[in-house]
Number of protein chains: 2
Amino acid sequence: MPTIKDVAREAGVSVATVSRVLNDTGYVGTDTRKKVMKAIAQLNYSPNEVARSLYKRESRLIGLLLPDITNPFFPQLARGVEDELSRSGFRLLLGNSDENTEKELDYIQTFVQNNVVGIISATNHVDYQIYNELKLPLVLLDRTSKEFPAVYADGREGGRLAARTLIDKGAERITLVKGPAHVKPAQDRYIGALEELSRTDVDFSVLSTTSYSFEEAKGWAEELFEKFPNTDGVIASNDIVGIAILHEALKLGKRIPEELQIIGYDDIPQSSLSYPTLSTIRQPAYEMGREAAQLLINIIRKEKGIEQTVQMPVELIERNTTRKD
Amino acid sequence: MPTIKDVAREAGVSVATVSRVLNDTGYVGTDTRKKVMKAIAQLNYSPNEVARSLYKRESRLIGLLLPDITNPFFPQLARGVEDELSRSGFRLLLGNSDENTEKELDYIQTFVQNNVVGIISATNHVDYQIYNELKLPLVLLDRTSKEFPAVYADGREGGRLAARTLIDKGAERITLVKGPAHVKPAQDRYIGALEELSRTDVDFSVLSTTSYSFEEAKGWAEELFEKFPNTDGVIASNDIVGIAILHEALKLGKRIPEELQIIGYDDIPQSSLSYPTLSTIRQPAYEMGREAAQLLINIIRKEKGIEQTVQMPVELIERNTTRKD
DNA sequence: TTGAAAGCGCTACCAT
DNA sequence: ATGGTAGCGCTTTCAA
């Protein structure tokens, strides 16, 4: 790889001059600039970001910490972040935490070690010391916080909306599936649904689950019908378990949505590909990713008057696992 | 952030000594080491990777270029890569190319600018000049090549296997869905299926599609049944379009698998959550990711006698969209 | 308008 | 066993 020195030699100028044309700072004579440009092209030179980063004490890198990219909700987020970031020339350092403290701290540390200019994190542990000691901009994604800027969807309202929908559509023996206790958004929607359910006179049961994963979704679905065979309305903890429940119900011969209504959460892409298509509460994942990226960039650029926390709207997507009224 | 100088001062030694204990190279007296360790702990110091990278001309970063993390096949790959890489202390710089030349070149360039030690790429364009000029290890993932080390699944055989399965199970009017022409693996499985189909006397039709995406999958499914309403066996280009076709068929009242058999490709996690569950050709995505990472690490470490190209087996996963014979 | 040189934080060589 | 120091490739004063 050619260095700035090579370019300087080739162009017959000093490295300082090359640097000036590279960064478009300070005075550079028109023909000198031309010579330098030519040399750059000739050598196919591009500046070493690492050297830059060392001097400036900041890179063009941003750290993104996600629980698990393998969960279909997160690729959307990640893509939103990346698309927005790359428009401003930033690149992504990616880590999966698996909701595991050690991995999480480890990633945050290497983000710092690599001079990232900012971090976007979907952590359940803003309370970790490391976040408070962080000298760089942090934006929480898919999570709330009073202490840090955050982009999230209104989980409480989403939970309420899901419950209300099922109640309005005549479900009388509702089962509420509670997601993992340590996952904040899962709790929020659960609380919201609980709130709404409690305001009315429907009977309901709660099924506690401890994971969101594909592998286990089927198990939860089976457990649900063993424990609550007569339920006629399920509020799923997310779309994956919603779909698992849906298909388990079909296997048991239940008519959907006549005998059993199901509502999911997230609106992951494959929800419109289930059979029947899954009614769900939509979180605008891609847009959330973009918002988070934008917010972070604004903070980095020290723009004035930026919202520190943006709450995205959730939305009922009526498809075919709920009645048409 | 404290620097090595701060540690040196705190410990009352020279930076050289600190560096030695940091890297565990050269002689360091037992008590000197202890003093240094203490200073490191006290200051909560961790070395600046950027400075390291600049001096050594290589980082602990690896670039991963994927077509689109939003396609459910890729998160698995990415996760495999990450898990394996992080075991050796490497971190991931991630980029989505969207099969778009400009983005692809851009990412490769910034990978280089950031001193990555190696690149894993799922590109359809190994022929790009930039890959040949690359001074660093490159491993192709989900792609074949004679010129570069590669990890891929046997798409030809997968296509054959899919076709043979449908033929063996009595399908007589097969529809072969052809994926996007510019996507290599899509072509491979198509050719394989074509090969097998041609060896026998079944009738078949080909439906050409130009994308893999969720949004368009439904459209392809509708088009399929408009054009070939009497088909009794579909070889889908991947699981997403397989599932879309499956559910469209259900909507049309077709009995699966009695009237219509469907076989997908990839075995993405949600395929076992479709209704009925989708029979498919499995590519071991997660393992492929790990293999690629391992291969790259071996190349970086200049291990002797490593396989330059590893072909992973594909496998028929019989679920409920094909007959039990 | 241009160049010389210091310095970003680290490693590795050469002395001692 | 330890320290001094050059240098990785770049940006940015400061002087000319």
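Chain naming here is simple, since letters A, B, ... match the order of the sequence lines and numbering starts at 1 in each.
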Spacing of B/R33 atom CZ relative to D/dT2 atom C1', expressed in whole Å
13 Å
Nearest to the side chain of A/S19, which nucleotide is it out of D/dT2, D/dT12, D/dC10?
D/dT12
What is the distance, to the nearest angstrom, from the NZ atom on B/K34 to the P atom on D/dT2?
13 Å
Option among A/Q187, A/E104, A/K184, A/R143 that satisfies the side chain to side chain donor-acceptor pair (under 3.5 Å) test with A/N124
A/R143
Separation of C/dC10 C1' from B/R9 CZ (nearest whole Å)
16 Å
Quick check: do B/E58 and B/S53 have side-chain heavy atoms less than 4.5 Å from each other?
no
Closest-nucleotide 5' rank along DNA chain C - winner of A/T32 and B/V15
A/T32
Can a donor-acceptor pair be found, under 3.5 Å and without considering hydrogens, that links the side chain of A/T3 to the backbone of A/K5?
yes
Does A/E82 reach the main-chain N or O of B/N96 with its side chain, forming a donor-acceptor pair under 3.5 Å?
yes
Under 4.0 Å between a side-chain N or O of A/Y45 and OP1 or OP2 of D/dC10?
yes
When you check the phosphate oxygens OP1 and OP2 of D/dG3, does a side-chain N or O of B/T17 lie under 4.0 Å from one of them?
yes
Of the nucleotides D/dG4, D/dT12, C/dG3, which one has an atom closest to the side chain of A/K56?
D/dT12
Find the distance between CG (A/L134) and CZ (A/F148) and round it off to the nearest 0.5 Å.
7.5 Å
Could you tell me the separation between the OH atom of B/Y55 and the C1' atom of D/dT5, rounded to a whole number of Å?
11 Å
Return the value, rounded to whole Å, for the distance between atom CG of A/N115 and atom P of C/dC8.
14 Å
Describe the nucleic acid contact of A/V50 in one word from base, sugar-phosphate, nothing, applying a heavy-atom distance below 4.0 Å.
nothing
May I ask you to verify if any side-chain N or O of A/N23 is less than 4.0 angstrom from the OP1 or OP2 atom of D/dT11?
yes
Interatomic distance, B/R60 CZ vs C/dG9 P [rounded to whole Å]
22 Å
When you get a sec, tell me which of C/dA12, D/dC10, D/dT2 is the closest nucleotide to the side chain of B/A16?
C/dA12
D/dG9 phosphate, OP1 or OP2, under 4.0 Å from A/T3 side-chain N/O:
no
Between D/dG7 (P) and B/I4 (CD1): distance, integer Å
19 Å
Tell me: CZ of B/R20 to P of C/dC13, nearest whole Å?
11 Å
Measure from the side-chain heavy atoms of A/Y27 and tell me the nearest of D/dT2, D/dT11, C/dT2.
C/dT2
Toward the 5' end of DNA chain D, by each residue's nearest nucleotide, B/G12 or A/L54:
B/G12
Starting the side chain at C-beta, find the nucleotide from C/dC8, D/dT2, C/dT11 nearest to A/R57.
C/dC8
